[in-house]
Chemist: 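Following this message is one structure expressed as structure tokens.
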Amino acid sequence: MSTKPPFYITTAISYVNGVPHLGHAYESILTDVLARFKRLDGHDVMFLTGTDEHGEKVAQTAEQNGMEPRAFADKNAATFIEMTKKLGISNDDFIRTTEERHRISSQAIWKKLNDNGDIYLGKYEGWYSVREEAYFTEDELTTAEDGQKFTPLGTEVEWVEEPSYFFKLSSYTDRLIEYYAANIEAVQPPSRMNEIVSFLKQEGGLRDLSISRHKSRLKWGIPVPDDEDHVMYVWLDALTNYITALGYPDENTEKFNKFWPADYHVIGKDITRFHAIYWPAFLMAANLPLPKTIFAHGFINVGGTKMSKSIGNVLSPDDLIETYGLDQIRYFLMREIPHGQDGNFSHEQAVLRINADLANGLGNLAQRTLSMVYKNCDAKIPAPQAFTEDDQALLQQAYAMTDQIRASFDALKINRALEHIWGVVSACDVYIDAQAPWTLKKTDTERMETVLYVLAEVIRCLAIIVQPVVPHCAPKILEQLNISEDQRMFEHISADHVLASGTKIDKPEGVFPRIVEEEGT
RNA sequence: GGGCCAGUAGCUCAGUUGGUUAGAGCAAUCCGCUCAUAACGGAUUGGUCGCUGGUUCAAGUCCGGCCUGGCCUACCA
């Protein structure tokens with residue numbers, strides 16, 4: 001058996017300032033689908049997700065709610081953990097940046113950067129509004145006649161200087177440019193890579209990065225090693241989670257050696273820069289290899305407009321699962337949203353897609369086939385006669401799926417992969433119609449049995465390959481075919497593992513119910 | 001202001017290095033079938049490929065300009 005390389009995949013960690021919405025769910029599902037795919041394809045997978053809990057906003061919001069930051073973070077982190085469970089996400093670990101292991105790891109990477117000579121104490125300065133407790137850039141401000149500057153909300157700002165530690169990001173400009181010139185596919189999709197490159201090549205290169213906040217302004221963070229007056233700026237803390245979970249600072253554990261560098265960091269497009277510039281620079285400074293691919297996905301619009309609280313179109317994962325079903329939502333998101341682009345969610349579109357592909361497509365195909373087997377073959381997988389050309393063509397199409405689907409997945413084009421799989425579903429329907437087993441029942445039962453056998457075998461392959469996307473429903477089909485759990489990997493999509501004739505099957509039940517709309521709602 | 005991406009049938013999308021009458025699925029209409037979740041099959045309808053100049057024997061595909069939408073243009077994550 002060929003040994004496949006280990007595979008490490010992560011989601012971004014969710015900021016616990018708010019509660020989970022469809023956007024979080026999408027990222028978790030997307031990553032989960034990729035992780036499950038790799039597992040079924042024979043890789044040893046490590047899948048990490050978690051929460052980002054430090055920083056100003058959490059501290060502020062906690063205070064507004066009359067809570068300690070810690071308690072507030074605990075409360076909101078729980079909602080993300082809950083979402084992960086409800087979505088059936090197959091993560092191997094869930095990291096919270098408030099955990100002890102992460103404090104140790106973050107302080108260790110700080111020291112590493114410092115030892116490397118990349119950290120220095122400087123001054124962070126800018127226009128600060130005491131009322132709004134925030135810094136503003138020059139172009140956000142308006143200036144009154146007396147020279148006093150005001151924020152967009154009209155509060156006064158003053159020029160503030162405070163001591164801060166800086167990371168020498170500037171000295172990594174050229175190295176990053178070189179790195180991406182040689183690894184043009186390391187940031188996906190390509191349009192995001194363009195952004196990163198143009199950012200790197202801007203006039204004057206990169207500026208150094210403030211990586212701490214003085215305690216007088218922010219206490220909710222990981223203390224800077226050897227200087228109790230500062231806490232770490234949240235991005236250095238947050239990004240480090242990816243190695244914390246592998247046991248950093250111990251670089252010699254089996255886990256670390258096996259899984260670092262990460263294969264995919266799956267993130268939202270809004271945080272590309274942090275992952276594609278800061279994180280690699282930190283890693284270079286810490287003398288660690290860089291993640292292989294940063295995959296920035298798009299955002300999901302609802303009914304054609306951006307989700308926003310004020311519009312009131314924010315969808316909660318719970319409601320969606322309730323309305324459509326978990327696997328149905330997973331399928332819709334994966335099928336409807338192309339590689340790295342923004343997508344749109346609407347009720348109408350969801351119902352059309354779910355009914356057409358899942359209920360009428362794969363679900364109905366399995367149901368009609370297995371019913372015929374159940375009723376006409378004594379509830380047992382029949383024994384086939386010699387295969388005709390049509391039989392072989394269909395079987396061949398099923399066995400050829402794995403390579404084609406793998407190629408689409410490796411290119412992160414999940415929607416294309418699903419399109420291809422459903423091409424095979426459709427081919428089965430065409431085949432049934434052409435063979436008309438209901439007619440053969442009266443004229444040639446042996447031929448009918450062969451046709452049903454071919455169909456059942458192709459359905460077996462289909463059920464195996466759709467597992468990453470519909471991990472709860474696909475196994476129901478495999479159950480109905482009596483395929484044991486150790487026979488459900490992609491390698492089993494092959495003539496070497498064909499359905500055993502004589503296998504008893506239970507009375508089939510619909511796996512993907514049709515969504516029927518109430519009249520007038 | 002500078003830059004990136006998208007703009008192809010009602011909807012979601014394909015369209016390799018420019019080359020015959022621009023494709024798929026869904027939706028719609030008609031026909032067929034009846035094993036099946038009122039599901040399946042076949043056919044048909046449907047596009048001035050955002051607009052506009054240009055290069056070329058030939059452009060959805062290359063170049064210029066413009067329009068629409070989204071995003072990036074550093075210390076909120």
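Chain identifiers are assigned alphabetically (A, B, ...) following the order of the sequence lines, protein sequences preceding nucleic acid strands; residue numbering begins at 1 within each chain.
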Chemist: Ignoring backbone atoms, establish whether Tyr374(A) has a side-chain N or O less than 4.0 Å from OP1 or OP2 of A36(B).
Modeler: no
Chemist: Mind checking whether Phe345(A) and Tyr324(A) have parallel, tilted or perpendicular rings, split at 30° and 60°?
Modeler: perpendicular
Chemist: Using 30° and 60° as the class limits, which term best fits the ring planes of Phe299(A) and His297(A): parallel, tilted or perpendicular?
Modeler: perpendicular
Chemist: Between protein and nucleic acid, restricted to nucleotides 44-46 of chain B and to nitrogen or oxygen atoms under 3.5 Å apart, what atom pairs and distances do you find?
Modeler:
none

Chemist: Expressed as a whole number of angstroms, how long is the span from Trp279(A):CH2 to C75(B):P?
Modeler: 22 Å
Chemist: What distance, rounded to whole Å, do you find between the two P atoms, one in A27(B) and one in G64(B)?
Modeler: 42 Å
Chemist: Please state how far atom CD1 in Ile196(A) lies from atom P in C71(B), giving the value in whole angstrom units.
Modeler: 16 Å
Chemist: Which comes earlier along RNA chain B counting from the 5' end, the contact point of Arg192(A) or that of Asp270(A), where each point is its nearest nucleotide?
Modeler: Arg192(A)
Chemist: How are the rings of Tyr278(A) and Phe282(A) set to each other: parallel, tilted or perpendicular (split at 30° and 60°)?
Modeler: tilted
Chemist: So which protein N/O to nucleotides 12-15 of chain B N/O distances come out below 3.5 Å?
Modeler:
residue : atom : partner   : partner atom : Å
U12(B)  : O4'  : Gln349(A) : NE2          : 3.4
A14(B)  : O3'  : Arg416(A) : NH1          : 3.4
A14(B)  : O2'  : Arg416(A) : NH2          : 3.0

Chemist: When the ring centroid of His275(A) is compared with that of Phe295(A), is the distance short of 6.0 Å?
Modeler: no
Chemist: Rounded to the Å, how far apart are Asp429(A) CG and A36(B) C1'?
Modeler: 10 Å
Chemist: Identify the pairs formed between an N or O of the protein and an N or O of nucleotides 32-35 of chain B at a distance under 3.5 Å, and give each distance.
Modeler:
residue : atom : partner   : partner atom : Å
C35(B)  : O2   : Arg368(A) : NE           : 3.2
C35(B)  : N3   : Arg368(A) : NE           : 3.4
C35(B)  : N3   : Arg368(A) : NH2          : 2.5
C35(B)  : N4   : Arg368(A) : NH2          : 3.0

Chemist: For the residue pair Tyr15(A) and His24(A), is the inter-centroid distance of their aromatic rings smaller than 6.0 Å?
Modeler: no
Chemist: On RNA chain B, nearest-nucleotide positions of Gly361(A) versus Phe199(A): which is more 5'?
Modeler: Gly361(A)
Chemist: Kindly indicate whether the side chain of Lys57(A) and the base of C76(B) share any N or O donor-acceptor pair separated by less than 3.5 Å?
Modeler: yes
